[in-house]
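Comments concern the structure below.
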Amino acid sequence: MGVDYYKVLGVDRSSNDDDLKKAYRKLAMKWHPDKNPNNKKEAEAKFKQISEAYDVLSDAQKRAVYDQYGEEGLKGVPPPDAGGSTHFHPGDMPSSFRFNPRRADDIFAEFFGFSTPYGGMGGRGMGAGDPRFSNNGFNEDIFSSFASGPGGGGASMQHSALRKAAPIENRLPCSLEDLYKGTTKKMKISREILDSSGKTTVVEEILTIDIKAGWKKGTKITFPEKGNEPPGVIPADLVFIIDEKPHPVFTREGSDLITTQKISLSEALTGYTVNVTTLDGRNLVIPINSVIHPTFEHIVPREGMPSQKDLSKKGNLRIKFNIKFPTRLTSEQKTGIKKLLGA
């Protein structure tokens with residue numbers, strides 16, 4: 001006995017076009033192979049059968065032939081139990097009729113206006129097996145707000161592909177040590193997703209963020225579609241934006257590190273030794289023998305931040321000075337300074 005197309009769609013023999021469209025809409029979205037990456041073989045078979053059932057029953061001529069002769073008669077194949085029976089005569093069918101099966105994907109695209117259950121997102125391969133889509137689900141009434149056009153199920157939806165929610169951005173504060181050496185951060189998130197039945201469920205996930213040495217403030221790390229998943233909307237991307245925590249010793253300008261040393265006027269004039277601990281824990285001892293004036297800057301090559309593109313390249317360490325001048329001088333001190341400086 002051939003396939004019962006009415007049973008496949010879950011409708012009775014008196015079903016009208018609206019009944020068929022509603023049944024196909026629900027079943028095609030449920031069994032589309034992209035929605036079933038872990039059960040793809042069974043889904044492909046069911047999806048093909050659902051599409052063929054809708055294609056036959058929604059076409060008046062095909063349906064009339066099917067109702068009279070069944071699947072075998074529709075396809076011009078005698079049923080297995082026909083034997084010598086005179087009940088089946090392919091020649092009795094209308095001479096103008098010839099059954100041409102259509103691809104399930106073509107039927108889906110014609111009905112919905114796009115080729116995947118995720119809207120205008122390219123070919124079917126985008127979602128298959130991709131863990132980003134493993135939790136996606138749709139309410140059976142997701143398309144109920146769209147009116148069916150007079151010529152078929154999806155004509156009015158040609159330009160109504162699913163929209164994607166706006167990205168969700170979060171600051172990710174990092175110390176200069178993190179950005180100098182690189183590190184790994186783990187972020188726990190909770191989000192709402194739709195299960196296969198269309199119900200909303202809350203799940204928790206741990207996201208791993210690999211901070212690369214040399215990254216700068218403003219660097220973005222994107223986790224595609226890790227936002228909440230409301231019905232009928234593609235989930236938002238979750239974006240973390242690197243921010244730099246204030247550091248007690250250094251500030252950063254591009255790949256350079258800047259430190260400011262507080263010194264007395266005496267030290268500025270007679271010499272000063274800078275002691276500084278680098279971001280990777282080394283102690284630098286840097287003697288300054290020049291006279292230090294208010295705009296003086298000492299450069300230590302290759303002791304700045306690493307380059308993200310080439311970790312062997314580093315910026316410079318720039319040492320600035322904040323000279324503490326005396327608030328007042330006695331007459332004797334002024335006379336002594338003048339004599340010392342030859343003024």
Do Ile242 and Ile211 come within less than 4.5 Å of each other through their side chains, counting heavy atoms only?
yes
Are side-chain heavy atoms of Lys245 and Asp243 found at a separation under 4.5 Å?
no
Find the distance between NZ (Lys262) and OH (Tyr272) and round it off to the nearest 0.5 Å.
11.5 Å
Give me the atom names and distance for the closest heavy-atom approach of Tyr66 to Val3.
OH-O, 2.8 Å
Establish whether Leu329 and Leu341 are linked, either directly or via other cluster members, by ILVMFWY side-chain heavy-atom contacts under 4.5 Å.
yes
In the structure I gave you, are the side-chain heavy atoms of Ile241 and Thr219 within less than 4.5 Å of one another anywhere?
no
Side chains of Tyr5 and Glu52: any donor to acceptor distance under 3.5 Å?
yes
Thinking salt bridges, do Lys220 and Glu169 make one under a 4.0 Å N-O criterion?
yes
Atom OH in Tyr24, atom CD1 in Ile50: separation rounded to 0.5 Å?
8.5 Å
What residue pairs, at least two apart or across chains, pass salt bridge (Lys or Arg N to Asp or Glu O under 4.0 Å) with a residue in residues 303-312?
Arg282-Glu303
Is the closest side-chain heavy-atom distance between Thr200 and Leu194 below 4.5 Å?
yes
Minimal heavy-atom distance between Pro235 and Ala165, with the atoms involved, is C-CB, 4.5 Å
Could you walk me through whether Ile209 and Met187 pass the side chain to side chain contact (heavy atoms under 4.5 Å, CB included) test, one step at a time?
CA-CA 8 Å; Ile209 304 173; Met187 307 292 290; 3.6 Å; yes
Do Tyr6 and Arg63 have a side chain donor and acceptor closer than 3.5 Å?
yes
To the closest 0.5 Å, what do you measure between CG (Asn316) and CD1 (Ile299)?
6.0 Å
Begin from the C-alpha positions of Leu207 and Leu238 and carry the test side chain to side chain contact (heavy atoms under 4.5 Å, CB included) through to its verdict.
CA-CA 10 Å; Leu207 302 181; Leu238 187 57; 3.7 Å; yes
Could you grab the distance from atom NE2 of His247 to atom OG of Ser175, nearest 0.5 Å is fine?
7.0 Å
Lys188: partners by side-chain hydrogen bond (donor to acceptor under 3.5 Å, both in side chains), with sequence neighbours left out:
Glu204
Inspect the contact between Lys185 and Asp178 and indicate whether a charged nitrogen and a carboxylate oxygen are less than 4.0 angstrom apart.
yes
Looking only at heavy atoms, what is the nearest atom pair of Pro294 and Ile323, with distance?
N-CD1, 3.8 Å
Donor-acceptor under 3.5 Å (Ser58 side chain, Tyr54 main chain)
yes
Expected output: side-chain Arg318 to main-chain Lys320 donor-acceptor under 3.5 Å
no
Grouping I, L, V, M, F, W and Y whenever their side-chain heavy atoms are under 4.5 Å apart, do Val291 and Ile319 come out in a common cluster?
yes
Carefully, step by step, assess Lys324 and Ile263 under the rule side chain to side chain contact (heavy atoms under 4.5 Å, CB included).
CA-CA 6 Å; Lys324 184 179 180 181; Ile263 62 173; over 6 Å; no
Listed once per pair and sorted, the ring pair (Phe, Tyr, Trp, His ring centres under 6.0 Å) pairs that draw on residues 301-325, sequence neighbours left out
Phe296-Phe321
Can you name the nearest heavy-atom pair linking Ser15 to Asp19, along with the distance?
CA-OD2, 3.5 Å
Rounded to the nearest 0.5 Å, what separation is found between the NZ atom of Lys62 and the CG atom of Leu57?
10.5 Å
Step through the shown structure and confirm whether more than 12 heavy atoms of other residues, nucleotides or ligands are within 6.0 Å of NZ on Lys30.
no
Who pairs with Asn39 by side-chain hydrogen bond (donor to acceptor under 3.5 Å, both in side chains), at least two apart in sequence or on another chain?
Glu42
Sequence neighbours left out, what passes ring pair (Phe, Tyr, Trp, His ring centres under 6.0 Å) with Tyr180? Give chain and number order.
none
Considering non-hydrogen atoms only, spot the tightest contact between Asp12 and Ser14 and give its length.
OD1-OG, 2.8 Å
Rounded at 0.5 Å granularity, tell me how far CD in Glu229 sits from CZ in Arg191.
6.5 Å
For Phe250, the option from Val276, Asp256, Thr260 that meets side-chain contact (heavy atoms from CB on, under 4.5 Å):
Val276
Walk me through whether Met305 and Leu257 qualify under side chain to side chain contact (heavy atoms under 4.5 Å, CB included).
CA-CA 7 Å; Met305 296 293 290; Leu257 289 174; 3.8 Å; yes
When you compare the side chain of Ile234 with that of Glu225, does any pair of heavy atoms fall below 4.5 Å?
yes
Given side chains that start at C-beta, do those of Phe47 and Asp105 come closer than 4.5 Å, heavy atoms only?
yes
Is the shortest side-chain N to carboxylate O distance from Lys7 to Asp4 below 4.0 Å?
no
Is there side-chain contact between Arg13 and Asp67, with heavy atoms separated by less than 4.5 Å?
yes
Between the side chains of Lys186 and Thr208, is a donor N or O closer than 3.5 angstrom to an acceptor N or O?
yes
Contact list for residues 232-241, test salt bridge (Lys or Arg N to Asp or Glu O under 4.0 Å), sequence neighbours left out
Lys164-Asp237
Does any donor atom in the side chain of Thr277 or Asn283 lie under 3.5 Å from an acceptor atom in the other side chain?
yes
Glu44 versus Pro33, closest heavy-atom pair with distance:
CG-CG, 3.6 Å
Val233 and Phe223: same hydrophobic cluster, using ILVMFWY side-chain contacts below 4.5 Å?
no
Is it the case that one hydrophobic cluster holds both Leu176 and Val300, taking links as side-chain heavy atoms less than 4.5 Å apart, direct or via other members?
yes
Do Ile189 and Ile168 share a hydrophobic cluster, counting only Ile, Leu, Val, Met, Phe, Trp and Tyr and linking them when any side-chain heavy atoms are less than 4.5 Å apart?
yes
